[in-house]
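Lettering follows sequence order; numbering is per chain, from 1.
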Amino acid sequence: MSETPRIVQVAVPAPLRRTFDYLPPSSGDPRPGVRVRVPLGRGRAVVGVVTGTATASSVPTARLKAVLGVLDEEPLLPPEVMDLLTWAADYYHHPIGEVMQSALPVRLRGDRPASAAGDSVWAITAAGRAVNEASLNRTPLRLRLLSALKKEEQGLTADELVRISARWQAGMKALVAAGWVARRERDCLAPVPRTLLPPPALNAAQADAVRAVLASRAFRVFLLHGVTGSGKTEVYLRAIEAVLATGRQTLVLVPEIALTPQLVDRFRSRFGVAIAVLHSGLSDGERACGWLSARAGKAAIVLGTRSAVFTPLPRLGLIVVDEEHDGSYKQQDGFRYSGRDVAVMRARRSGVPIVLGSATPSLESLYQVQRGRYAYLSLPDRAGAANPPALDLLDMRRLAPDESLSRPLRQAIGECLARREQAMLFLNRRGFAPVWFCPDCGWLAPCSRCDARLTLHRASARLRCHHCGAEGPVPKHCPACGSERLRALGEGTERVEGALQRMFPEARIVRIDRDTTRRKGSLESAFARVRAGEADILVGTQMLAKGHDFPNVTLVGVINADQGLYSVDFRAGERLFQQIVQVSGRAGRAEKPGRVLIQTYHPDHGLFGALRLGDYRQFADDALLERREAGYPPFSFLALLRAESSSPGGALKFLGLARSLAERCPRAELEIMDPVPSPMERRAGRHRAQLLVQSRRRAPLHAFLREWLSLLEEAREARRVRWSLDVDPADLY
DNA sequence: AGCACGCCGACT
DNA sequence: GTCGGCGTGCTC
């Protein structure tokens, strides 16, 4: 019998929407999920992932190149994850190679063996611990290294040792030779605590929710709608506990900012199991180590942000998505997937239950509840029987604000301080003032690369663009008319902080925004100061609202709630409501009632009515009716083709071509809009435009997109602009 | 994305 | 006479 020629299909790291065929290595066909080194182009070798094998190729055999090397004995990506990634590449119409790469930790994207992916560290040995430090007095470098390692149970990497001494290697050599220090791989799984916290008692709603989730052995989506402070996390923990007891693993996804040490500690102190934490703040080695422990089944719980949804978990038993409505689940560049939606698909494919938790669920999820697709679990009560905070609207049309703070708000802050409680103020705008303005000729300092105004940062005396990062000095004279009367218009957090300091000279004020928390760990230390009672007033942007509890905050003020009230984006209302509910949740605890004051120029807006009643379901039902009438998601499916070009008309011109190519594709049940400039047409020197495609049904939309993209890829005009397709876009700009 | 090939301007 | 500008095309 003649042997059948075999072909290996490989997803290569290139923006190509297909796999490449290679001849197998002499060792035989590598299995799907295995990394291979393959030649690509002229003299270049890349690492790709095997997606399958075949008996024939559409490329003539003579032109096929052979796999250069096989990097993994066992598939690095197991079949379950490979299937999920293939689905995701198809659904988001994104190049398969880039999708595969995004699923791998950075350390494993190259040809490093999986066994050596962690951080290599120097760690103290038992012998080293017993050394009498006085005996090292004559070798200060060795002494410093040894005492540093004594404090670091996990050991130190070369990068970290450099900070102790540039010449650390010399001293380390001697310490290793003496047997006091050894080189090993850093263990990324924190030690299991000796004493575990006992689980608190559940209220009836929590117990019902836990019971419902645990009753489901197969795939089922649960929407856990729990008001702030109602104990959603405890429901997760109980469900996880039961899953762990059966020897299975749990995947927990949280929004980017919410993965705080506090949350991690809460998980660690409850379970006597290894927990892998995966987020962007880790070193590449730590990420790879956590990922590999999950894949090996060593980590029983994976707690991570968006990209953790692709972590291999051989014994997956449950998925939890916390704050499922949060926008940070959607990746905003490159492979634009939704971590939440992929999680639901993963649960379905793996046949496990998934819990989506939120105080303000997305309209998409609530709609699935209405349709009977998701099970609805409600936690209506705050733990400890605390009342929800009283919510008042301040009609700014009738109140004379002083530096954007109305009199009732100032008064409430004063009373709050007198009670020795803390106040928290939100303003979604950092910097001192959003505009630098000439009162004589009307000139407004513009960004030279964006269609936007520059924001004044007074402390650093700079004008900055919040869209492209450009910055420059603050002109003293108007460049248009020479006037010397330039002034700041509007308010940012920096200005409000100053105003508060003048109004309440005794108060200790902490400002929290991207400018004050740029340094690593500074956000955490600011929060720690607040919790320790070393601050009276907190001023900040949205980042103040997520994942943190401040028991002594009893007043929350929203300084400008109007942004987004009349926005062009159809999701703006939903997001505003979610934000206000989230910040309101910061006010008050069991024994101290909270108060929320919202400043607005549109107090009659319907959104505030539902907000005052604290009725999210009512708001959501109304909003869903509006969406249904307008034909917006979740009653339709969207795809947005975006383009940007350095030349003014380039993006629109390309989209014009895309629009005409669309005529050649199956267009039944589709609405293909005309290309339009993006709401902020110029950004960072690039001209941007977009084209929206909409359909009532998913299938025709995706059939269309498939053909449309293959035509677009062939078009030479497509090489002159940067373009990307966003399936289920979160923002229409 | 990389990388080479390919024709037109200012330099040792 | 060459170095190099980025337009165009291809990668199994």
Side-chain angles (χ1 to χ4, degrees), chain A residues 4-71 82 85-86 88-90 92-111 307 331-337 641-651 653-654 657-658 661 684-687 709-726:
Chain A
T4 6
R6 300 290 303 180
I7 299 298
V8 184
Q9 296 160 324
V10 180
V12 293
L16 303 162
R17 281 178 178 76
R18 61 210 139 88
T19 56
F20 274 23
D21 295 339
Y22 289 89
L23 300 170
S26 53
S27 53
D29 291 356
R31 281 183 282 161
V34 162
R35 289 174 304 155
V36 285
R37 259 168 43 85
V38 291
L40 184 68
R42 295 175 183 271
R44 199 159 68 105
V46 298
V47 173
V49 178
V50 175
T51 58
T53 49
T55 49
S57 172
S58 56
V59 177
T61 316
R63 281 183 49 210
L64 294 180
K65 295 177 184 171
V67 169
L68 297 172
V70 178
L71 298 170
M82 288 297 286
L85 292 168
T86 307
D90 190 57
Y92 291 103
H93 298 272
H94 197 77
I96 181 89
E98 290 185 0
V99 170
M100 297 278 163
Q101 291 282 312
S102 72
L104 293 173
V106 174
R107 273 282 169 94
L108 293 166
R109 289 180 193 173
D111 57 5
S307 63
Q331 177 133 17
Q332 291 293 8
D333 53 67
F335 173 29
R336 295 171 176 264
Y337 65 100
L641 184 66
R642 306 166 197 269
E644 51 177 65
S645 153
S646 44
S647 68
K653 194 168 156 237
F654 165 71
L657 172 81
L661 286 175
R686 309 192 69 89
H687 299 262
L709 283 180
S710 70
L711 289 180
L712 285 175
E713 282 178 328
E714 286 166 18
R716 36 251 29 30
E717 288 86 346
R719 298 230 20 142
R720 280 195 278 273
V721 299
R722 275 234 295 253
W723 61 273
S724 66
L725 182 75
D726 193 347

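- Between A/K65 atom NZ and C/dC10 atom C1' the separation is 10 Å, expressed in whole Å.
- Here B/dA1 presents its P atom at 11 Å from CZ of A/R17, a figure rounded to the nearest Å.
- Among the atoms of the strands shown, base atoms are found under 4.0 Å from some heavy atom of A/L16.
- Both A/E98 and A/R42 lie near DNA chain B, and the one whose nearest nucleotide falls closer to the 5' end is A/E98.
- At least one side-chain heavy atom of A/V70 sits less than 4.5 Å from a side-chain heavy atom of A/S27.
- Regarding A/I96, its CD1 atom lies at a distance of 20 Å from the P atom of C/dT11, rounded to whole Å.
- A/R44 places its CZ atom 13 Å from the P atom of C/dT11, with the value rounded to the nearest Å.
- Using a 4.0 Å heavy-atom distance criterion, A/P39 is classed as a sugar-phosphate-only contact.
- For the pair A/R63 and C/dT11, the criterion of a side-chain N or O lying under 4.0 Å from OP1 or OP2 is met.
- Nucleic acid contact for A/R18: base, since at least one base atom lies under 4.0 Å from a heavy atom of the residue.
- As rounded to whole Å, 10 Å separates atom C1' of B/dA1 from atom CG of A/L40.
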Evaluate A/E713 against A/R17 for salt bridge (Lys or Arg N to Asp or Glu O under 4.0 Å), listing each step before the verdict. CA-CA 9 Å; A/E713 282 178 328; A/R17 281 178 178 76; 2.6 Å; yes
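- Residues A/V38 and A/F20 form no side-chain contact, since every pair of their non-hydrogen atoms from C-beta on lies 4.5 Å or further apart.
- Distances from the side chain of A/R719 to the nucleotides C/dT11, C/dC12, C/dC10 place C/dC10 closest.
- Across the protein-nucleic acid pair, A/F20 atom CZ and C/dC12 atom C1' stand 6 Å apart, rounded to whole Å.
- In this structure the side chain of A/L661 reaches within 4.5 angstrom of the side chain of A/L712, judged on heavy atoms.
- Contact annotation: side chain of A/R720 to base of C/dG9, donor-acceptor pair absent below 3.5 Å.
- One atom, CD of A/E714, and another, P of C/dC10, lie 12 Å apart when rounded to the nearest Å.
- Residues passing the salt bridge (charged side-chain N to carboxylate O under 4.0 Å, His left out) test with A/R686 are A/E644, sequence neighbours excluded.
- At whole-Å resolution of the value, CD in A/E713 and P in B/dA1 are 12 Å apart.
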